[in-house]
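What follows is a set of notes on a single structure, which appears directly below.
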Amino acid sequence: MTTSDRVLNILSLFSLDKGIWTVEEAAQQLDLTVSTAYRYFRSLVSAGLVVADEPGRYSLGPAIIHLDRQMRLHDPLITTAQPIMADMASELGENNVLLLARLYRSQVMCVHQEFVVQPRLAVSYERGRPIPLHRGAASKAILAYLPSRAMRQVKADSDVPEDVWKDLQPQLRQIRSRGYSLTESEIDPGMRGISAPILAPDQSVIGSLSIAAEATVQSAEELERSIQLIIRGCKLIEAALAVRAASREQNETTP
């Protein structure tokens with residue numbers, strides 16, 4: 001493992017469950033000497049990635065927010081999808097949240113949300129929160145389109161039991177067959193998830209586009225409309241990404 005890998009491992013320690021670390025705790029967790037851990041923390045502090053507001057106790061620093069802003073402004077998937085999602089949110093109206101998600105290690109993370117009025121029920125797919133890859137419509141829409149090699153790596157990196165992966169296979173085949181995933185109360189009680197994959201021109205999966213809606217207030221007609229809207233939205237995003245890529249390629253090859 002390289003030095004940069006070890007430094008990045010320190011950043012990965014900061015989580016929802018534990019957002020503040022001492023050097024000694026990090027050293028023990030990562031099997032480092034305390035002197036080595038101190039050296040890594042000094043580098044992270046210098047870069048603004050961690051700060052010590054209390055002596056010896058470190059939390060994530062302002063550079064994280066700076067990087068997040070750059071991502072929101074320049075990430076091709078987010079900037080391409082955002083106006084399309086805004087139009088879709090207006091078409092759907094209240095009690096719906098549109099979610100843009102992408103693969104993050106062996107999990108899925110929401111990277112953008114759009115809604116007119118936030119639903120009364122909670123939506124756990126908030127921006128920046130990792131969600132298990134084997135649960136929820138947004139996750140399963142990505143999982144169903146992973147190539148075999150990537151699927152094996154995801155399974156190896158996760159702590160999900162093998163029997164759970166085995167039980168998922170019929171669901172994933174169905175998702176690939178019909179082009180979307182549909183779940184209810186898998187992540188948030190009372191919420192229905194409708195999601196479809198966003199695919200690159202080579203058919204590799206980039207992410208997923210989803211609607212989270214209150215199941216009890218969504219009629220059968222609204223459900224069908226939402227399914228068609230999500231499929232259409234994914235096609236619009238895919239087409240816009242393809243145009244963007246072609247334009248960039250043309251600019252790079254033009255003398």
Side-chain angles (χ1 to χ4, degrees), residues 1-2 4-9 11-13 15-16 67-68 71 74-81 85 98-113 124-183 186-187 193-212 230-231 233-242 244-246 248-249:
M1 184 179 292
T2 65
S4 58
D5 289 332
R6 293 189 179 97
V7 174
L8 291 173
N9 281 342
L11 279 180
S12 70
L13 293 176
S15 65
L16 289 174
L67 292 172
D68 176 74
M71 181 178 177
H74 299 296
D75 180 270
L77 179 60
I78 296 175
T79 55
T80 299
M85 292 173 65
L98 277 155
L99 309 165
L100 181 68
R102 67 189 319 159
L103 190 65
Y104 171 66
R105 296 179 178 173
S106 59
Q107 298 172 306
V108 165
M109 181 179 288
C110 175
V111 295
H112 186 66
Q113 281 191 2
S124 291
Y125 275 102
E126 60 183 338
R127 190 173 187 273
R129 181 177 182 181
I131 297 293
L133 193 55
H134 66 290
R135 292 173 52 214
S139 297
K140 290 179 178 179
I142 293 175
L143 187 63
Y145 285 80
L146 286 181
S148 299
R149 183 176 180 180
M151 177 72 82
R152 287 194 297 271
Q153 187 62 53
V154 164
K155 291 168 67 176
D157 292 342
S158 75
D159 56 1
V160 179
E162 182 61 34
D163 61 329
V164 174
W165 289 115
K166 185 176 180 180
D167 291 342
L168 270 174
Q169 296 313 304
Q171 296 181 49
L172 300 182
R173 286 194 293 271
Q174 184 182 46
I175 291 168
R176 288 186 67 95
S177 174
R178 66 188 184 185
Y180 66 91
S181 60
L182 178 64
T183 62
E186 284 197 7
I187 301 294
I194 307 151
S195 185
I198 299 170
L199 303 176
D202 63 0
Q203 297 303 293
S204 62
V205 63
I206 301 170
S208 64
L209 181 64
S210 313
I211 296 172
I230 278 293
I231 293 173
C234 286
K235 298 302 180 186
L236 289 173
I237 294 171
E238 291 168 358
L241 285 170
R244 182 171 182 160
R248 182 179 65 250
E249 184 176 343

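Atoms considered below: every heavy atom in the structure, side chains included; atoms not considered: hydrogens, waters and symmetry mates. Treat the numbers as computed from the prediction; the structure is a model and nothing was measured.
- With rounding to the nearest 0.5 Å, the separation of OG in Ser177 from CG in Leu172 is 12.5 Å.
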Report, one line per pair, each donor and acceptor closer than 3.5 Å where one atom sits in a side chain of residues 102-109; sequence neighbours left out.
| from | atom 1 | to | atom 2 | distance (Å) |
| --- | --- | --- | --- | --- |
| Arg102 | NH1 | Asp75 | OD1 | 3.4 |
| Arg102 | NH1 | Asp75 | OD2 | 3.1 |

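- Taking every heavy atom of both residues into account, Pro76 and Leu241 meet most closely at O-CD2, 3.7 Å.
- Residues satisfying the side-chain hydrogen bond (donor to acceptor under 3.5 Å, both in side chains) test with Asp202, not counting sequence neighbours, are Ser204.
- The shortest heavy-atom contact between Ser181 and Ala137 is OG-O, 2.7 Å.
- With sequence neighbours left out, the salt bridge (charged side-chain N to carboxylate O under 4.0 Å, His left out) criterion links Arg176 to no other residue.
- With a 4.5 Å cut-off on side-chain heavy atoms, Ile142 and Ile198 do not count as touching.
- Lys155 pairs by the side chain to side chain contact (heavy atoms under 4.5 Å, CB included) definition with Met151, Glu162, Trp165, not counting sequence neighbours.
- Without hydrogens or angle criteria, Arg127 side chain to Val111 main chain gives a donor-acceptor distance under 3.5 Å.
- For Ser195, the side-chain hydrogen bond (donor to acceptor under 3.5 Å, both in side chains) partners at least two apart in sequence or on another chain are Ser210.
- Leu133 pairs with exactly one of Leu143, Leu168, Val160 by the side chain to side chain contact (heavy atoms under 4.5 Å, CB included) rule, that one being Leu143.
- Within the structure, every pair that satisfies the side chain to side chain donor-acceptor pair (under 3.5 Å) test and touches residues 135-153, not counting sequence neighbours, is listed here: Tyr125-Ser139, Lys140-Gln171, Lys140-Glu186, Gln153-Asp157.
- Contact between Ala138 and Ala101 at its shortest, heavy atoms only, is CB-CB, 4.4 Å.
- Not counting sequence neighbours, the partners of Leu67 by the side chain to side chain contact (heavy atoms under 4.5 Å, CB included) test are Leu49.
- Legend: residues meeting side chain to side chain contact (heavy atoms under 4.5 Å, CB included) with Pro161, ordered by chain and number and at least two apart, are Asp163, Val164.
- Going from atom CD of Glu126 over to atom SG of Cys110 covers 8.5 Å, rounded to the nearest 0.5 Å.
- When the side-chain hydrogen bond (donor to acceptor under 3.5 Å, both in side chains) test is applied to Asp167, no partner is found at least two apart in sequence or on another chain.
- Counting heavy atoms from C-beta outward, Leu209 and Ile237 have side chains that approach closer than 4.5 Å.
- The side-chain heavy atoms of Tyr180 and Ile231, taken from C-beta on, include a pair separated by under 4.5 Å.
- Taking CZ of Arg6 as the start and CG of Leu11 as the end, the distance is 15.0 Å to the nearest 0.5 Å.
- With sequence neighbours excluded, the residues that form a side chain to side chain contact (heavy atoms under 4.5 Å, CB included) with Gln203 are Leu199.
- Interatomic distance, OG1 of Thr2 versus CG of Asp5, reported as 3.0 Å (0.5 Å rounding).
- By the side-chain hydrogen bond (donor to acceptor under 3.5 Å, both in side chains) test, Arg244 pairs with Thr79, Thr80, sequence neighbours left out.
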Stepwise side chain to side chain contact (heavy atoms under 4.5 Å, CB included) check, Gln113 with Leu98 = CA-CA 6 Å; Gln113 281 191 2; Leu98 277 155; over 6 Å; no
